[in-house]
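To start, the structure under review is shown below, and the notes come after it.
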Amino acid sequence: MNGELQKEQKRVDSVMEIITEEISHLEEETSRRKNEVVQIRKHFWDEVKVNTDTFDDYLETIIGLRQEAQALSVSQSSHRLASKRLSTLRRMREIPYFGRIDFKEEGASAQEQIYIGISSLSDASGEDFLIYDWRAPISSVYYDYQPGPAVYETPGGAIGGMLEKKWQYLIREGVLQSMFDTSLTIGDEILQEVLGKGTDKHMHNIVATIQQEQNEIIRHDRGRLLIVHGAAGSGKTSAALQRIAYLLYKYRDQLHADQIILFSPNSMFSSYVSNVLPELGEENMQQVTFQQYLNHRLSKEFEVETPYEQLEYVLTETDAPAYRQRVAAIKCKASTRFFQALQSYRQSLEIAGMQFKDIMFRGEPVVTAQQMTERFYSHDTSLRFHNRLERLQDWLMKQIKEVQKVERTKPWVEEEIELLSEEEYHKAHRYLAEKRGFQREAVADYEIEPEALARLIIQQKVKPLKKQIRTLRFLNIKEMYRQLFTDPRRINHWMEGEIPEEWHEICQLTLEMLDEEKLYYEDATPFLLLKELIQGFQINSSIKHLVVDEAQDYSSFQFEFLRRLFPAAKMTVLGDFNQAIFAHANEMVDFSTLTSLYGADKTDVINLSRSYRSTKPIIEFTRNLVPHGERIIPFERAGERPAVKQLTSQDELHGCIAAKVADLQSEGFSSIAVICKSAEESGCAYQALSTRIADVKLVKSSSGEYEEGVVIIPSYLSKGIEFDAVIIYNASKHVYGDESLRRVFYTVCTRAMHQLQLYCVGEPSPFLREALREGTLA
């Protein structure tokens with residue numbers, strides 16, 4: 001084996017030389033291109049003669065401008081491509097490749113050695129590949145097959161052959177530390193090595209450790225919707241990010257990073273995953289939270305509750321007088337039935353119920369809401385709904401023109417003219433002169449006409465009214481949404497099936513919030529849907545792919561909305577129903593309900609049952625916490641059993657946590673989370689522990705970046721993130737006693753990679769009984 005290692009090290013050395021040479025060449029090129037761009041920008045106007053005296057001169061100016069702009073664009077594009085390649089090569093200098101297959105294609109006389117890395121690399125002649133990109137068609141053999149017959153797909157069709165051997169390499173900064181023949185060794189040494197490491201503040205790419213089931217997700221290329229249902233720690237998010245990199249590689253001429261959106265659970269998670277695509281030499285896709293989108297659309301009209309404020313209420317206000325009614329409202333308004341009810345309600349507005357706002361000018365209504373109602377329901381009723389709205393808009397614009405005529409002779413116009421500042425007067429004079437055809441140098445010769453100035457003054461004053469009409473702000477959407485709840489009996493006209501028994505109280509709660517210019521989180525998407533159904537959807541057809549992470553936190557209603565919002569997009573949906581912690585979770589029993597989005601024939605479901613994040617003892621404990629947990633398969637990685645300790649007081653709890661953190665730090669763990677049920681509990685824990693643990697940080701829903709070190713964090717913000725060690729702050733019956741919290745408890749326990757410690761003040765949670773009985777807890 002030593003001889004083989006030496007031979008492979010020589011190859012690594014020669015590859016490193018080529019990488020170093022290419023880096024040196026590209027550093028010079030990027031520097032030169034950058035100077036080029038700077039010089040073109042600096043002297044842009046020196047190179048263009050601006051002359052508009054005649055049409056020919058004007059044409060020459062336009063051509064000159066276009067040529068300079070084109071030169072700038074070419075230089076910028078060349079600089080961008082060179083910089084991108086340089087960034088990739090610098091990463092390859094650390095790990096040039098991680099795998100090799102010895103593949104003999106059908107009909108070939110000899111096998112070929114295919115080395116696989118994060119990007120391709122050719123020899124000096126450019127004719128032979130030294131390294132193949134992990135996304136290249138032939139690289140799929142490395143991920144999908146053990147030695148034996150193998151097939152891979154190319155644009156020209158399937159290619160078969162024999163996989164003779166498969167090797168894994170551990171190379172760090174040009175040194176081949178080890179290599180494994182995976183047909184001889186048991187287990188995945190590189191995966192063990194990667195999983196055994198500590199975490200840091202960013203998720204990293206997994207191209208060296210992609211498993212067969214993850215590779216199926218990455219290279220999946222059928223239908224409109226891919227649903228990935230996977231256990232905690234199964235690599236769903238990692239696979240989805242590698243999937244984006246794969247699609248950007250495969251469709252590089254048709255798909256760009258700005259045509260992909262990732263819906264993240266929160267801003268902190270966005271920061272956590274922001275490194276993966278740049279590590280692979282790709283630009284990051286757009287990232288947004290659903291809450292950010294809602295705020296973008298609604299924050300000018302309402303104060304919108306966040307999903308975490310909603311969840312905090314559900315977790316902490318169980319004794320509130322309206323708690324049961326609020327939870328019923330959350331479930332009802334998240335359902336597909338409520339989505340359909342809003343569609344039926346909108347259709348009913350074609351006959352009656354449209355609400356408008358008076359159009360005011362100088363404190364007086366120039367067109368009243370009543371006049372608009374009469375016009376809408378008495379004219380053009382055979383037209384489609386949106387055509388009727390367009391006709392109403394046209395009619396309103398005519399009314400504004402009439403207003404302009406009537407107002408022209410009123411005394412206030414003369415007063416406005418007299419109040420014009422010298423600057424405003426000169427501006428109006430220049431505008432009217434140029435409108436009359438006076439050249440710029442002859443503007444002074446124009447004598448302003450009082451009638452023209454009066455028209456201009458009125459034109460400026462009615463501009464906001466015209467904008468109000470163009471943007472449909474004369475529609476009273478808030479009042480139309482309110483109408484759904486003013487008479488609780490009316491919902492029977494629109495919603496099929498059984499109405500929640502708490503509907504009267506739900507109506508009352510909704511109206512109280514609307515009166516305060518506020519929206520519950522469960523009302524935000526329905527309100528926006530109604531607005532879109534009435535005004536016409538503000539669709540985004542430029543987005544070609546949508547990735548929804550932590551999909552179990554979305555309601556059926558929200559998925560229906562997203563599909564309409566991005567009609568041209570394919571969708572990848574990732575989630576785990578064992579981690580469905582929002583109150584509406586029961587409305588979507590499993591992801592099979594999503595197949596109606598695009599139809600069963602355009603939908604594929606991939607289940608990931610193997611969990612890689614945690615050690616085997618941690619997984620054996622956590623899978624006991626959820627129904628059908630036996631389906632979760634742990635990866636063979638040794639570690640300590642999770643431990644539970646029962647305490648008698650809060651003071652004792654805080655002393656034990658501080659001591660445990662110190663122990664974990666002495667063992668070399670850098671990422672330690674004290675996970676609490678709610679933000680309220682996190683705040684109390686932080687107050688008590690901040691004097692006992694140095695540099696401990698409190699994570700809030702407003703936190704924009706994932707923090708390293710010791711953090712205190714609420715359950716719902718820890719989703720999607722992993723920590724070296726996790727301490728469950730208080731796993732007592734008092735805190736986690738209700739069956740509705742089982743998924744929350746499972747979620748927090750599955751955040752731990754290497755160590756899990758649970759403390760209980762008083763009697764332990766009933767969720768721990770089975771684990772204690774089976775001996776999976778120490």
Side-chain angles (χ1 to χ4, degrees), residues 135 137 140 143-144 151-158 212-231 234-237 239-244 246-251 254-255 259-263 285 334-340 342-344 496-497 525 529 532-533 537 539-577 580 585 587-609 628 631:
R135 297 164 290 190
S140 66
Y143 297 115
D144 288 342
V151 180
Y152 65 94
E153 295 291 333
T154 73
Q212 186 174 349
E213 67 270 23
Q214 294 167 337
N215 195 44
E216 187 185 353
I217 294 163
I218 292 165
R219 294 172 191 261
H220 182 277
D221 207 9
R222 304 180 300 276
R224 292 286 304 278
L225 173 64
L226 172 63
I227 298 168
V228 179
H229 187 227
S234 57
K236 297 181 295 294
T237 303
L241 293 167
Q242 293 354 262
R243 172 168 169 69
I244 292 170
Y246 172 76
L247 293 171
L248 288 170
Y249 171 85
K250 184 174 180 182
Y251 298 105
Q254 307 157 40
L255 184 67
Q259 294 174 308
I260 302 172
I261 292 182
L262 168 62
F263 274 90
M285 69 269 124
S335 67
T336 308
R337 287 196 308 138
F338 194 60
F339 189 97
Q340 289 159 350
L342 280 171
Q343 289 179 304
S344 300
E496 292 179 7
T525 315
L529 174 72
E532 302 285 72
L533 289 172
F537 255 82
I539 62 169
N540 187 333
S541 296
S542 66
I543 299 302
K544 298 290 184 274
H545 207 103
L546 209 61
V547 180
V548 182
D549 204 355
E550 300 292 345
Q552 72 279 350
D553 295 345
Y554 289 71
S555 66
S556 305
F557 197 116
Q558 288 169 325
F559 273 115
E560 286 279 4
F561 184 80
L562 285 173
R563 183 177 70 84
R564 282 165 171 74
L565 190 62
F566 301 104
K570 290 184 175 182
M571 199 184 287
T572 300
V573 167
L574 320 155
D576 175 14
F577 265 92
E587 279 299 314
M588 197 160 63
V589 181
D590 58 43
F591 287 132
S592 63
T593 56
L594 292 183
T595 54
S596 61
L597 283 177
Y598 297 114
D601 58 324
K602 294 178 182 173
T603 302
D604 282 318
V605 181
I606 296 175
N607 288 297
L608 297 178
S609 55
H628 311 298
R631 296 175 187 170

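- Between Leu248 and Leu255, the closest side-chain pair of non-hydrogen atoms falls below 4.5 Å.
- Counting all heavy atoms, side chain and backbone alike, Ala568 lies closest to Ser541 at CB-O, 3.6 Å.
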Report task. Mind running side-chain contact (heavy atoms from CB on, under 4.5 Å) on Tyr143 and Ile218 for me, showing each step along the way? Result -> CA-CA 11 Å; Tyr143 297 115; Ile218 292 165; over 6 Å; no
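- Not counting sequence neighbours, the partners of Glu213 by the side-chain hydrogen bond (donor to acceptor under 3.5 Å, both in side chains) test are Tyr612.
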Report task. Any chance you could lay out the side-chain contact (heavy atoms from CB on, under 4.5 Å) test for Phe263 and Leu546, step after step, and finish with the verdict? Result -> CA-CA 8 Å; Phe263 274 90; Leu546 209 61; 3.7 Å; yes
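- Scored by the side-chain hydrogen bond (donor to acceptor under 3.5 Å, both in side chains) test, Tyr251 finds Asp221 as partners (sequence neighbours excluded).
- The two residues Ala158 and Glu153 make their nearest non-hydrogen contact at CB-OE2, 3.6 Å.
- Qualifying side-chain hydrogen bond (donor to acceptor under 3.5 Å, both in side chains) partners for Arg219, counting only residues two or more places apart in sequence or in other chains: Asn215.
- The shortest distance between side-chain heavy atoms of Leu594 and Val573 falls below 4.5 Å.
- With rounding to the nearest 0.5 Å, the separation of OG in Ser556 from CZ in Arg337 is 11.5 Å.
- Looking only at distances, a side-chain donor or acceptor of Gln552 sits under 3.5 Å from a matching main-chain atom of Asp576.
- Thr572 meets the side-chain hydrogen bond (donor to acceptor under 3.5 Å, both in side chains) test with Arg243, His545; sequence neighbours excluded.
- When side chains are defined from C-beta on, Leu225 does not count as touching Thr595, because their heavy atoms never get closer than 4.5 Å.
- Rounded to the nearest 0.5 angstrom, Gln259 CD and Phe566 CZ are separated by 13.0 Å.
- Ring planes of Phe559 and Tyr554: tilted class, angle from 30 to 60°.
- Without hydrogens or angle criteria, Gln242 side chain to Arg135 main chain gives no donor-acceptor distance under 3.5 Å.
- For the atom pair Tyr246 OH and Ser140 OG, the distance stands at 7.5 Å (nearest 0.5 Å).
- Identified under the salt bridge (charged side-chain N to carboxylate O under 4.0 Å, His left out) test for residues 541-552, with sequence neighbours left out: Glu550-Lys719.
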Show every donor-acceptor pair shorter than 3.5 Å between a side-chain atom in residues 599-608 and any protein atom, with sequence neighbours excluded, or say none if there are none.
from   : atom 1 : to     : atom 2 : distance (Å)
Thr603 : OG1    : Gly599 : O      : 2.8
Asp604 : OD2    : His220 : NE2    : 2.8
Asp604 : OD2    : Arg222 : NE     : 3.3
Asp604 : OD2    : Arg222 : NH2    : 3.4

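- The side chain to side chain contact (heavy atoms under 4.5 Å, CB included) search around Arg564 returns Phe339, Gln343, Phe537, Glu560, not counting sequence neighbours.
- Between Ser596 atom OG and Arg563 atom CZ the span is 8.0 Å, to the nearest 0.5 Å.
- Under the 3.5 Å distance criterion, the side-chain polar atoms of Lys236 are matched with a main-chain donor or acceptor of Ala231.
- Atom NZ in Lys570 sits 8.0 Å away from atom CG in Leu247 (nearest 0.5 Å).
- In this structure a side-chain-to-backbone donor-acceptor pair under 3.5 Å is missing from Arg631 to Ser609.
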Query - Evaluation steps, side-chain contact (heavy atoms from CB on, under 4.5 Å), between Asp144 and Tyr152 - result: CA-CA 9 Å; Asp144 288 342; Tyr152 65 94; over 6 Å; no
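- In this structure, Met571 and Tyr598 approach most closely via the heavy-atom pair CE-OH, 3.7 Å.
- Side chains of Val547 and Leu574 form a contact here, defined as non-hydrogen atoms less than 4.5 Å apart.
- Taking every heavy atom of both residues into account, Leu565 and Pro567 meet most closely at O-CD, 3.2 Å.
- Atom CG of Leu529 and atom CG of Leu533 lie 4.0 Å apart (nearest 0.5 Å).
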